[in-house]
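In what follows, a structure is listed as C-alpha cells, so that the remarks can point back to it.
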Amino acid sequence: MASAANRPNLFILGAAKAGTTTLYHILNQHPQVYMSFDKEPAFFCDDEYYARGEGWYLRTFFQKAGDFPVRGEATSRYLYFGQKVAPRIHKFAQSSSPKFIAIFRDPAQLVHSFYWNSVREGHESLPIEEALNMEQSRMAEQRQDLEARGQILFAYSQIACYARQLQEFLNYFEKKDILCFITEDLANSAHITQQLQTFLEIDAFPTVLDTAKNTAALPKNKRLHHWLRKSSTVKDLLKPLIPYTVRYNIKNRILEKNLKPFQPPALDPALANAIRRQYFASTQKLEELIDRDLSAWYPM
C-alpha cells in the first residue's frame, strides 16, 4: 500500500525539450533516488489523471518508493502549466518541503526542437514559419481541451516564457528548493552530479553511465506510432486486464523499435533571431530569477 513514505519529494518540472530526459536518467542511476518508471506521470497537469486522486498516483507510480530518501518524477509539462500545477503540488505536499529542478534552453533552439517533435508525433504538418504564424488561431480552437489534458501543442510563442512559468512555483515554494540548470550545463556531468548531490543531500553519485537522450527521430510506420500514442477502443478494452506498468513497458518498447534516426534541417538564423527577439524580455527576467548570464540567448 502507498503511504506517506511513498510520497514524491522531487519534481523535475521542465522545460520540455531542454534536457529533462537526461536529468531523469542521471538521477535514476543513484541508489538513494527512486524515479517513477514512467518518466512523465503528468498527474498534476492532466485534469483527468488528477481527478483519479493521489491514492491512484501513489499506487501507480510510487508503490515501491518507500525505502528511498529521494522519490521523484520528471513531467516536462509541469513548468508550462505552473499556474495550476504549483498550487496542486503545494496542496499535495502538505507540510513537507519538496524540491524542484528546472532546466532551460535557448528559446530559439527549444522552439525548433519542439516543432520537430510535434512533426514526429503527428501533431504538426505545416512548415515551421507557417506553423508559427498559425499558432494563435490553432490554439484558440483547442485551448480548453489542451489545458484540461495538460498538453502543449502549437504554443511556439509561449513555451519558452520561462520567467513567468518559474514565478508560478516561486509563489508557493522557496527559491532555495528550486535548482535551475540550462541545457549547456549537461555537457559537464561531474558538475551536474555535484550540484545534484548537494541540493538533494545525498551521497556522491557512482560513475554515471552514458544517459539516454531524447534525440530526434521519426517513426518508421506513422500509423502504428499514432495508434500507440492515442486512445482506441481496443486499448480501452485491454486496460482492465493488463497492469499499467506492463502496458507502459510494452508500448514503449514498440515505440522505440519503430523509430529511425532523423536529423532535422538546421534552424534558419533569421528565424532564430526573430524567436529570440520575441522572448527577449522573458530571458532578461529569467536572468534575474536564476542569477545566470543568458546573453548567449539574446537576439543579434
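For the pair K39/N28, no side-chain contact is recorded, criterion being any heavy-atom separation below 4.5 Å from C-beta on. Residues D38 and T60 are not in side-chain contact: their nearest non-hydrogen atoms beyond the backbone lie 4.5 Å or more apart. Residues L13 and F81 have side chains not in contact (no heavy-atom distance under 4.5 Å, counting atoms from C-beta outward). Looking at heavy atoms from C-beta onward, T22 lies in side-chain contact with I26 at the 4.5 angstrom threshold. Residues I12 and L27 meet the side-chain proximity criterion, which asks for heavy atoms closer than 4.5 Å. Looking at heavy atoms from C-beta onward, N9 lies out of side-chain contact with S97 at the 4.5 angstrom threshold. Taking 4.5 Å as the limit, some side-chain heavy atom of Y34 sits within range of a side-chain heavy atom of K64. Using a 4.5 Å heavy-atom threshold, the side chains of Q32 and F68 count as separate.
Here the side chain of Y78 pairs a donor or acceptor atom with the backbone of F44 at under 3.5 angstrom. With hydrogens and angles ignored, the 3.5 Å screen pairs a side-chain donor or acceptor of Q165 with a backbone N or O of I159. In this structure, T198 contributes its side chain and Q195 its backbone to no donor-acceptor pair below 3.5 Å. Between the side chain of S118 and the main chain of H123, no donor-acceptor pair closer than 3.5 Å is present. With hydrogens and angles ignored, the 3.5 Å screen pairs a side-chain donor or acceptor of E287 with a backbone N or O of L294. For the pair S76 (side chain) and A16 (backbone), a donor-acceptor distance under 3.5 Å is absent. With hydrogens and angles disregarded, a donor-acceptor distance shorter than 3.5 Å links the side chain of S137 to the backbone of M134. Side-chain atoms of R105 come within 3.5 Å of backbone atoms of K17 as a donor-acceptor pair (strictly under, hydrogens ignored). Of the possible polar contacts, one joining the Y24 side chain to the S36 backbone as a donor-acceptor pair under 3.5 Å is found. Without hydrogens or angle criteria, R88 side chain to F43 main chain gives no donor-acceptor distance under 3.5 Å.
Of the inter-residue distances, the one linking L186 atom CG with T21 atom OG1 reads 10.5 Å to the nearest 0.5 angstrom. L146 contributes atom CG, which lies 8.0 Å from atom OH of Y80 (distance to the nearest 0.5 angstrom).
Annotation for K285: atom NZ does not count as buried by contact number, only 12 or fewer foreign heavy atoms lying within 6.0 Å.
At a threshold of 4.0 Å, the pair D46-R77 does not count as salt-bridged, since none of the basic side-chain nitrogens sits closer than that to a carboxylate oxygen. E124 has a carboxylate O that lies under 4.0 Å from a charged side-chain N of R138, or vice versa, which qualifies the two as a salt bridge. Between R7 and E54 there is a salt bridge, since at least one side-chain N of the basic residue sits less than 4.0 Å from a carboxylate O of the acidic one. Ionic pairing of R52 and E48 is present here: one or more N-O contacts between side-chain nitrogen and carboxylate oxygen are shorter than 4.0 angstrom.
Close placement of the Y57 and F62 rings is indicated, their centers lying within 6.0 Å of each other. A distance of 6.0 Å or more separates the ring centres of F181 and F104.
Tested against I103 for a side-chain contact (heavy atoms from CB on, under 4.5 Å), the candidates L179, L23, I182, L79 yield a single pass: L23. Of the residues W297, Y298, Y279, the one that meets the side-chain contact (heavy atoms from CB on, under 4.5 Å) test with D106 is W297.
Of all non-hydrogen atoms in Q158 and Q136, the two that sit nearest each other are NE2-NE2, 4.4 Å. T75 approaches A42 most closely through the heavy-atom pair OG1-N, 3.1 Å. Among all heavy-atom pairs drawn from L110 and A15, the shortest one is CD1-CB, 4.1 Å. The nearest pair of heavy atoms linking C45 to V85 is CB-CG2, 3.7 Å.
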| task | Apply ring-ring contact (aromatic ring centres under 6.0 Å, His included) to the pair F61 and W56, showing each step before the final yes or no. | result | CA-CA 8 Å; F61 301 105; W56 170 83; 5.6 Å; yes
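Scanning for side-chain hydrogen bond (donor to acceptor under 3.5 Å, both in side chains) contacts around R292 gives D185, with sequence neighbours left out. Checked against side-chain hydrogen bond (donor to acceptor under 3.5 Å, both in side chains), N133 has no partners two or more places apart in sequence or in another chain.
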